[in-house]
Amino acid sequence: MSTEAQPRQAVKSGNPKGNKDANKEVGQDRKATTQGRVATLLVAPSLLLLAIVILYPVINAIIMSFQKDSGLDPATGLFVAGGFAGVSNYSHWILQQCSVAGASISCPPGTLGSQFWTAFGTTFFFTAVTVVLETIIGFWMAIIMARAFRGRSLLRASVLVPWAIPTAVTAKLWFFIFAFQGIANQLFGTSILWTGSEWPARWAIIIADVWKTTPFMALLILAGLQIIPEQVYEAARVDGASAWQRFTQITLPLVKPALMVAILFRTLDALRMYDLPAIMTGGSNNTTTLSILVVDQIRQGFNSAAALSTITFIVIFLVAFIFVRFLGANAVESTNPGGKEKEK
Amino acid sequence: MTALTSAGTAPTRRDRPLSKQNITKTVLGGYLPLLITTLVVFLPLAWMILSSLKTPGEIVTTQLKVLPQNPTMQNYVDAATTVPFARFFLNSVIVTSIASVIKCTLAVVTAYALVFIRFPFKRAIFLLILVALMVPPQVSVLPNYVLIAGLGGLNTYWGIILPGLGTAFGTFLLRQHFLTLPASILESAEIDGANHWTRLWKIVFPISVPTIATVALVTIVTEWNDYIWPLIVIDNPQMMTLPVGLTLLANSDSGSQAWGILMAGAVIVIIPILIIFAALQRYIVAGLTQGSVTG
């Protein structure tokens with residue numbers, strides 16, 4: 001037991017800034033007088049930009065999602081003006097109700113409306129698999145990169161290379177590798193239509209995504225590892241903590257804030273995945289993600305696409321909320337103690 | 001030496017630096033992963049470079065030949081003559097540098113204000129910034145297009161840059177970092193009468209260089225690689241950025257010949273960022289290490 005307790009103590013005394021409790025001390029502006037003018041000056045440009053390029057489009061999309069498409073009604077052949085559509089754009093996706101000849105029926109297979117739940121599942125499948133793989137491999141890479149040994153800078157530089165390559169290039173490269181006569185099939189002596197059938201296509205996309213994005217995870221986790229002082233490990237070693245104990249008792253708790261933030265970012269990003277499946281498979285064979293569905297729908301009708309992207313946004317928001325609320329992604333919580341006092 | 005075995009074995013073994021276990025640990029824990037990672041990272045890239053040197057007949061073949069039999073630069077010549085790559089490169093550099101500077105500056109000042117200055121609705125504003133991170137790009141693409149087109153921003157640099165400035169990633173990362181800075185440093189500066197501007201640039205900025213460098217790196221890479229938005233807002237080849245230009249290359253040719261040219265184009269796209277990246281990377285490595293000393 002003592003080996004477990006002592007490293008923790010060492011953590012607290014050795015690293016007053018790195019641990020969570022210390023964040024409470026960062027209420028340094030408590031004494032400061034209200035500095036609204038300076039703050040406005042510093043925050044205003046960012047907020048203005050966000051309002052123009054994020055807030056305005058989101059509000060616009062939400063308004064559009066309750067509108068009817070104007071145009072010819074395929075059933076009656078008459079021109080219909082737009083107007084308020086109620087929640088029909090939403091029920092179109094969620095309940096898969098297509099309006100044909102004025103009546104709502106289930107969307108026939110093959111239409112975009114019928115693909116919503118499949119795309120929903122595919123998106124979450126991709127997100128879960130890629131984020132888990134990227135976290136594990138990224139953590140492992142970060143630990144190795146954090147060590148001092150000959151060639152470390154070479155390793156750090158080379159590991160980050162795939163992430164620096166444009167996704168468009170990555171997708172083309174892996175599409176080339178997974179081509180029927182490509183190197184993947186030739187190396188393994190297989191003749192799989194990688195981008196032509198469901199599971200191989202999914203794995204091809206996952207492999208490409210993991211290859212591309214793991215370095216980003218590793219970089220964020222590495223930044224978290226860097227703030228753990230070496231003395232903490234020294235102290236733990238002197239106390240006889242094993243490598244496993246040092247990992248679970250020191251590394252994990254101390255890196256957790258950075259780790260959760262990295263996972264949160266990756267999850268948000270993965271839920272919006274577009275480029276890789278779009279370029280590698282064009283969304284065929286059940287590799288359509290919600291984002292691809294949105295883009296496909298844009299070509300068929302803006303308002304329905306706006307409803308779908310609003311749904312996507314809400315889904316992502318809920319996932320982020322669950323992360324922050326229950327899994328302790330320290331995005332907001334860490335500031336609550338100081339933040340609340342500051343506002344009162 | 002301690003660092004060599006930082007995740008190593010029990011203290012008794014560690015006392016002999018060149019013991020068998022220690023060497024094994026170093027190889028297994030350091031160099032073997034190094035080798036594997038480097039292979040995984042570079043083999044696909046090597047394949048891309050090798051393919052770019054091959055003739056069309058060699059690329060699509062049933063008999064695998066790893067090395068090009070008759071290395072040729074023809075693919076590069078074709079790629080460079082089919083589309084104006086120099087122009088794409090210039091466009092990418094202009095867009096990336098302007099956007100990155102603005103984004104990083106905004107991120108630093110906003111994060112500073114959110115952490116160190118007391119003002120109303122601070123938490124609400126931060127939550128807003130966080131929510132901005134969750135908006136799928138597809139939501140904003142359409143209204144943004146209408147907005148930018150209305151302002152006459154199609155096929156212009158600012159038309160490419162403006163919507164991208166709304167990302168909150170840097171602000172978020174820097175805010176998390178600023179929260180870990182010791183309060184005492186800033187308090188003493190405040191007592192000495194330093195105003196916010198001085199505190200930001202003379203105290204917070206210098207000790208945050210590693211994180212700011214990371215934000216800069218992430219921003220530059222994101223801008224350089226941005227695909228969907230430039231694709232939508234630009235249709236004049238003279239204004240295209242490199243990733244968009246690459247797809248132009250892919251569309252302009254078809255059949256087996258396209259692969260070699262496409263791979264050559266891909267090599268041209270990644271070489272500049274690899275160079276910039278290698279330069280910044282050293283800085284990042286230095287910065288991160290420095291961070292562990294100050295931190």
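Throughout, protein chains are lettered first and strands after them, A, B, ... in sequence-line order, and every chain is numbered starting at 1.
Distance CE/B:Met48 to NZ/A:Lys172: 13.5 Å, rounded to 0.5 Å. For the atom pair B:Trp47 CH2 and A:Phe176 CZ, the distance stands at 6.0 Å (nearest 0.5 Å). Residue B:Leu43 holds its CG atom at 10.5 Å from CH2 of A:Trp211, rounded to the nearest 0.5 Å. Remark: B:Asn144 CG to A:Ile52 CD1 distance equals 10.0 Å, nearest 0.5 Å. To the nearest 0.5 Å, the span separating CG on B:Leu128 from CD1 on A:Ile54 amounts to 9.5 Å. For the atom pair A:Leu42 CG and B:Leu200 CG, the distance stands at 7.0 Å (nearest 0.5 Å).
Side-chain atoms of B:Trp224 do not come within 3.5 Å of backbone N or O of A:Ile165 as any donor-acceptor pair.
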Trace of the side-chain contact (heavy atoms from CB on, under 4.5 Å) decision for A:Leu41 with B:Val109: CA-CA 9 Å; A:Leu41 219 63; B:Val109 293; over 6 Å; no
Check the pair A:Phe216, B:Val218 against side-chain contact (heavy atoms from CB on, under 4.5 Å), reporting the backbone distance first and the verdict last. CA-CA 9 Å; A:Phe216 179 68; B:Val218 172; 4.1 Å; yes
CA sep, side-chain torsions, deciding dist, call: A:Tyr274, B:Tyr227, side-chain contact (heavy atoms from CB on, under 4.5 Å): CA-CA 11 Å; A:Tyr274 176 79; B:Tyr227 177 69; 5.5 Å; no
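For the pair B:Asn225 and A:Val169, the minimum side-chain heavy-atom distance is 4.5 Å or more. In this structure, the side chains of A:Leu268 and B:Phe169 stay at 4.5 Å or more apart for every pair of heavy atoms. Here the side chains of B:Thr105 and A:Pro45 are not in contact, with every heavy-atom distance at 4.5 Å or above. Counting heavy atoms from C-beta on, the side chains of A:Leu173 and B:Leu45 come closer than 4.5 Å. The shortest distance between side-chain heavy atoms of B:Leu246 and A:Pro166 does not fall below 4.5 Å.
In terms of heavy atoms, A:Trp174 sits closest to B:Pro44 at CZ2-CG, 3.9 Å.
Comparing B:Ala111, B:Ser51, B:Pro163 by how many heavy-atom pairs each has under 4.5 Å with chain A, the most go to B:Pro163.
Contact annotation for B:Leu106: both backbone and side-chain heavy atoms come within less than 4.5 Å of a heavy atom of chain A. Interface remark: B:Val131 contributes backbone and side-chain atoms alike to the contact with chain A (heavy atom separation under 4.5 Å). Using a 4.5 Å cut-off between heavy atoms, B:Val40 touches chain A through backbone and side chain atoms alike. For chain A, no part of B:Ile102 is nearby; none of its heavy atoms comes within less than 4.5 Å.
In this structure B:Thr110 satisfies the side-chain contact (heavy atoms from CB on, under 4.5 Å) test together with A:Val43, A:Ser46, B:Leu114, B:Ile129, B:Thr171, sequence neighbours excluded. Not counting sequence neighbours, the partners of A:Phe247 by the ring-ring contact (aromatic ring centres under 6.0 Å, His included) test are A:Phe139, A:Trp244.
Annotation for A:Phe321: atom CZ does not count as buried by contact number, only 12 or fewer foreign heavy atoms lying within 6.0 Å.
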